[in-house]
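In what follows, a structure is listed as structure tokens, so that the remarks can point back to it.
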Amino acid sequence: MKQILPLVIALLLTHAPLAAQESENHPSQVTRNLEIFNEIYKALDLYYVDTLAADTAIQWAIDGMLSRVDPYTTYYPADDEDLRQMATGKYAGIGSIIRYHKNHDRVVISEPYQGTPADKAGLKAGDILLSIDGKDVKGMSPTRVTTMLRGDAGTTFSLRYQRPSEKKPRTVSITRQTIQLPSVPYSTILHDSIGYISLTGFTEGTAREVRGALSQLMANGATSLILDLRDNPGGSLSEAVDISNLFLPKGQKIVYTQGKQTATNRQYYTTTDPLCPQLPLAILVNQGSASASEIVSGSLQDMDRAVIIGTRTYGKGLVQAIRDLPYRGELKITTSRYYIPSGRCIQAHQYNHDGSIKTLPDSLQKEFHTAHGRLVRDGGGINPDIHSEPDTLPTMIYDLMQSDQYFDWLNSYVSANPTIGEPGHITISDAAYQDFSQYIIAHNFQYNRRTDEIIKLLRDVARREGYLDIAQDEIQALEAKIKPDLASDLVRHKSVILPILATEIATRRHYQRGAIRQHLTDDPVLHQAIELLQDTKRYHDILTP
């Protein structure tokens, strides 16, 4: 307890510095409540019928407090690898996604990354992990197995696994290494000399990767560029500024932050001459584009330097900093909000610290203007210049993609077809889709139909309110009309499932790079960007009020 209580006190005081409070009695409130907390813990430790582990009990208190603050303020105990990986994009391990397989009650390989120890050891999607250094991993969760697979770079362990298509297990020796996935997994030149860069994160060295890819595209004849930030959750603010600097002139303010402490009020400017000051630029975004992605897209929109295409972005305008705590713990804490050049803050949600979340209604959004005078608004996220329909899938397909049956069929199909085509040209024949459908049906795939839940709720409400007798026939008719039929649903959604299967197959044969290339063949938002960059007049008209 003597080691834990200073941590709690430091945590509370870090969250509420005495010098920065608006209320004059705040210091006495902090002191009084810390004393109360101290006495409550002492009473638990001395008198509670069972002995509570100090680390566990205090962690409950920390988690409970921070859960009411915001989703981004988090405590990391000593030597927690998650924080370092979040900041640098690096970790030491084998370089593979794993997942739990219910039928085997074991973790299986889901996707080994190209060039990593898992890939070099020959691991494939579907391989069933049996033991790590002789320890049976049956029944273990993916989180626990991940901890066993990771370790210090250069250390070696023995992995025993079963390939489903073989009778005898395999054993391989794997040496862990530092894994850093590329932030630019794919770049290419599309038709009409349009360059394309897929950017998936903002970690150490991301701007350098983008600069390298962009230089190569321009050397190969690119005369315009599509920067794809869809589903990019963000990361390093400084990397976002450096990427914006590739397109904006030296000395341009990109973003500024404002917080409670004056030390958190900072302004970030471009520091070098741009690599591409005039290159026509379209940026793809969606609801999964957040944080640093919004700094890049928002600053370039505010400076009328790029046309933004897609759907409204996530709206994360909160900035976090890392503060050291006693006993080598660390606190990732929200210290400020960031604002882009027009002056708008793109934070979408207001956390009220009582568990509720509010969003700014359209009627209260403030108006701002870009460098050329175009009207933009705050209220959360970056609103695209060209809107596209958001990607929506039937709930049945979400459940299908998470199922063991879907996973197993893909693995067996790839194993049985070693000469699958190149990414961008992979197709699923009618015979193959028929085989897929029969496999899914025969292996008893179950999916949760939200319509069934709504009908059940309707029936329950009608019963409680006394309307069930007179509405029973109509409810039964509705229920019969949308009765679940897996075979029919697989036929109905065939056009949606086929490209998803092709992308999954490309991943297994050609890694992440292949998956992106395959997905782009049937990407309506990409086609919107291509059409825009081919129409010079429309491009300039959008950026000019």
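The first residue of the sequence shown is numbered 1, and numbering continues consecutively from there.
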Assess the residue pair C276 and M218 against the criterion (side-chain contact (heavy atoms from CB on, under 4.5 Å)); give the C-alpha distance rounded to whole Å, side-chain angles, the decisive distance to 0.1 Å, and a yes or no. CA-CA 9 Å; C276 309; M218 293 175 65; 3.1 Å; yes

Give the intermediate values and the outcome of side chain to side chain donor-acceptor pair (under 3.5 Å) for residues S173 and S158. CA-CA 5 Å; S173 181; S158 174; over 6 Å; no

Carefully, step by step, assess Y406 and E504 under the rule side-chain contact (heavy atoms from CB on, under 4.5 Å). CA-CA 10 Å; Y406 172 86; E504 290 277 9; 3.0 Å; yes

Go through it in stages, so that I can follow the logic: the residues are Y268 and I295, the test is side-chain contact (heavy atoms from CB on, under 4.5 Å), and I'd like the CA-CA distance, side-chain angles, deciding distance and then a yes or no. CA-CA 11 Å; Y268 297 82; I295 293 176; over 6 Å; no

Might you work through the salt bridge (Lys or Arg N to Asp or Glu O under 4.0 Å) test for R538 and D541, ending with a clear yes or no? CA-CA 5 Å; R538 183 182 175 219; D541 284 348; over 6 Å; no

Check the pair V137 / L130 against side-chain contact (heavy atoms from CB on, under 4.5 Å), numbers first and verdict last. CA-CA 6 Å; V137 295; L130 302 179; 5.8 Å; no

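Within 6.0 Å of the CZ atom in R99, the count of heavy atoms belonging to other residues, nucleotides or ligands exceeds 12. E453 CD: more than 12 foreign heavy atoms inside a 6.0 Å radius. No more than 12 heavy atoms of other residues, nucleotides or ligands sit less than 6.0 Å from atom CZ of R337. Open room surrounds NZ on K135; 12 or fewer heavy atoms of other groups in view lie less than 6.0 Å from it. By the neighbour-count criterion of 12 heavy atoms within 6.0 Å, atom CG of N103 is densely surrounded, having more than that number from other residues, nucleotides or ligands.
Taking the six-membered ring where tryptophan is involved, the planes of W409 and Y413 are essentially parallel, since the angle between them stays under 30° and well short of 60°.
In summary, K124 and D119 do not engage in a salt bridge, as defined by a charged side-chain N under 4.0 Å from a carboxylate O. Under a 4.0 Å N-O distance rule, the pair K494/D430 qualifies as a salt bridge. A salt bridge between D136 and R106 is present, with a side-chain N of the basic residue lying under 4.0 Å from a carboxylate O of the acidic one. Between D302 and R374, no side-chain nitrogen of the basic residue sits less than 4.0 Å from a carboxylate oxygen of the acidic one, so the salt-bridge criterion is not met. Using a cutoff of 4.0 Å between basic side-chain nitrogens and carboxylate oxygens, R170 and E166 are scored as salt-bridged.
Side-chain N/O atoms of T313 and E294 include a donor and acceptor closer than 3.5 Å. One side chain, Q301 or D385, offers a donor N or O that lies under 3.5 Å from an acceptor on the other. D192 and Q534 share a donor-acceptor pair across their side chains, judged by distance under 3.5 Å alone. Between the side chains of N286 and R312, no donor-acceptor pair is found at a separation under 3.5 Å. Inspection of the D228 and Y196 side chains reveals an N or O donor paired with an N or O acceptor under 3.5 Å. No side-chain donor from either of H443 and D408 sits under 3.5 Å from a side-chain acceptor of the other. Looking only at atom types and distance, the side chain of T200 has no donor-acceptor partner in the side chain of S183 under 3.5 Å away. A side-chain donor from one of D70 and T73 sits under 3.5 Å from a side-chain acceptor of the other. Side-chain contact check for T334 and Q320: at least one donor-acceptor pair (N or O, by modelled atom type) lies under 3.5 Å. The closest side-chain donor-acceptor pair between T143 and S141, if any, does not fall under 3.5 angstrom.
Rounded to the nearest 0.5 Å, atoms CG (L123) and NZ (K120) are 13.0 Å apart. One distance of note links CG of L229 with OG of S293; it measures 4.5 Å at 0.5 Å rounding. Atom OG of S236 and atom CG of D242 lie 8.0 Å apart (nearest 0.5 Å).
Checking each of T536, L217, L533 against S224 for a side chain to side chain contact (heavy atoms under 4.5 Å, CB included) leaves exactly one that passes, namely L533. For the side chain to side chain contact (heavy atoms under 4.5 Å, CB included) criterion with I309, the lone passing option out of V525, L526, I283, I542 is V525.
Residues that satisfy the side chain to side chain donor-acceptor pair (under 3.5 Å) test with D105, not counting sequence neighbours, are Y100. F445 is linked by a ring-ring contact (aromatic ring centres under 6.0 Å, His included) to Y447, counting only residues two or more places apart in sequence or in another chain. Taking the side chain to side chain donor-acceptor pair (under 3.5 Å) definition, one finds that T156 meets it with T175, sequence neighbours left out. Among residues two or more places apart in sequence or in another chain, the side-chain contact (heavy atoms from CB on, under 4.5 Å) test is passed with Q434 by Q438. By the side-chain contact (heavy atoms from CB on, under 4.5 Å) test, S165 pairs with R163, S415, sequence neighbours left out. Under the side chain to side chain donor-acceptor pair (under 3.5 Å) criterion, Y338 pairs with no residue at all, not counting sequence neighbours.
Figure legend: cation-pi geometry between R150 and Y91, with NZ or CZ positioned under 6.0 Å from the six-membered ring centre and within 45° of its axis. Cation-pi geometry between K316 and Y72 is met: under 6.0 angstrom from the ring centre, within 45 degrees of the axis.
Outside the 6.0 Å centre-distance limit, the rings of Y439 and F436 are not counted as a close aromatic pair.
The backbone N or O of V184 sits less than 3.5 Å from a side-chain atom of E209, completing a donor-acceptor pair. With N245 contributing its side chain and T271 its backbone, the two residues share a donor-acceptor pair below 3.5 Å. Without hydrogens or angle criteria, T155 side chain to D152 main chain gives a donor-acceptor distance under 3.5 Å.
The two residues V108 and H101 come nearest to each other via the heavy atoms CG1-CB, 3.8 Å.
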